[in-house]
Amino acid sequence: DDYMANVENFGAALTSRTKAIMPIHIYGMAANMESIVSFADENGLKIVEDAAQSMGVYFEGKHCGTFGDIGVISFYADKTITMGEGGVVLTNNQEVFEKAKLIRNQGRPNSGTFIHPEFGMNFRITDMQAGVGLAQIKRLNDIEESRLKRFQMYAEKLSDIKDIRPIKKPSKSTFIPFRFAFTNSCKNKIELKLKESGIQTRSFFYPMHLQPAVIKHYGAQEAQSVSEELYEKGLCLPIHHKISFDDIEKICDVIKEVYNDK
Ligand SMILES: *Cc1c(COP(=O)(O)O)cnc(C)c1O
């Protein structure tokens with residue numbers, strides 16, 4: 001229902017070479033970090049949290065990305081807050097912190113020094129981007145409120161269509177909707193009809209085990225029926241704080257037409 005990894009299935013995927021778990025907090029909700037942290041502790045694994053979509057999202061009062069050894073939040077253009085590109089790495093581990101600083105700065109601890117204790121690349125954000133980011137953080141509460149309002153409006157307008165099942169928020173998580181994510185039985189039709197009306201949608205993510213890069217480097221993977229079904233049925237409608245209520249009304253009308261034509 002929440003499209004996130006279920007710790008009950010982790011045991012079967014564990015091998016002697018497993019070093020870390022990467023939970024993904026998807027669509028503006030938190031993964032169940034209570035069960036993931038205890039699984040990681042029991043099995044001596046590190047946790048790297050993909051909190052790209054979870055700026056401002058909390059699991060039982062603790063911010064996404066702060067449970068694991070490393071957490072990453074994205075400030076790419078379509079995220080909750082943005083600097084155009086870039087993001088932050090969160091860690092409480094001094095060693096990881098020092099190493100990350102070297103890797104992002106061509107292997108140097110700071111600018112102005114030209115002695116490189118490590119190899120690295122240029123993963124720095126610019127001061128101008130950081131300025132945009134700081135201004136955006138101040139607006140986070142407004143952005144949260146406006147995204148929730150828009151999610152609610154989609155849910156209400158589409159509530160008569162039983163085939164449309166919106167994402168369900170886990171009870172221990174807060175929610176800053178990333179998109180209006182839902183599953184349904186005629187994704188391709190809705191996608192096409194909206195496209196013809198000039199409205200962009202996003203499919204759910206292409207399953208990891210089917211990614212050509214994964215197969216190229218690690219060979220064919222076992223089928224994962226839940227991921228495949230979600231990809232087949234999952235679609236996202238646009239949510240951002242500038243999309244108007246009229247726009248949402250129009251988008252919902254187009255979707256209703258798809259069902260009326262059936
Ligand atoms: C956007 C996104 C990323 C990538 O973030 P970048 O800042 O583009 O590197 C990773 N994971 C998820 C779930 C995302 O939504």
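In each ligand, atom 1 is the first atom listed, and ligand 1 is the first ligand listed.
- Distance remark: protein heavy atom not present below 4.0 angstrom from atom 9 (O) of ligand 1.
- Aromatic rings from Phe175 and Tyr27 are positioned such that their centres are separated by 6.0 Å or more.
- Taking distance alone, with nitrogen or oxygen atoms compared against 3.5 Å, Asp78 stays at or beyond that limit from ligand 1.
- With Phe245 as the aromatic partner, Arg150 meets the cation-pi criteria of under 6.0 angstrom to the ring centre and within 45 degrees of the ring axis.
- For Lys62 and Phe67, the positive end sits near the middle of the six-membered ring, less than 6.0 Å away and at most 45° from its axis.
- For ligand 1, the polar-atom distance check finds an N/O of Lys79 within less than 3.5 Å of one of the ligand's N/O atoms.
- Distance check on atom 4 (C) of ligand 1: every protein heavy atom falls at or beyond the 4.0 Å cut-off.
- Here is the list of ligand 1 atoms found below 4.0 Å of a heavy atom in Ser74: 5 (O), 6 (P), 7 (O).
- Within the 4.0 Å heavy-atom cutoff, Glu85 does not count among the residues contacting ligand 1.
- Within the hydrophobic cluster formed by Ile, Leu, Val, Met, Phe, Trp and Tyr side chains joined at under 4.5 Å, directly or through other members, Tyr206 is accompanied by Leu210, Tyr231.
- Each of the following atoms of ligand 1 lies closer than 4.0 Å to a heavy atom of Ala52: 2 (C), 3 (C), 10 (C), 11 (N), 12 (C), 14 (C), 15 (O).
- Other residues sharing a hydrophobic cluster with Met121 under the 4.5 Å side-chain heavy-atom criterion for ILVMFWY residues are Ile103, Phe123.
- With respect to Asp160 and Lys256, no salt bridge is recorded, no charged nitrogen being found less than 4.0 Å from a carboxylate O.
- Scanning the protein for heavy atoms near atom 13 (C) of ligand 1, the closest one is Asp50 OD2, 3.5 Å.
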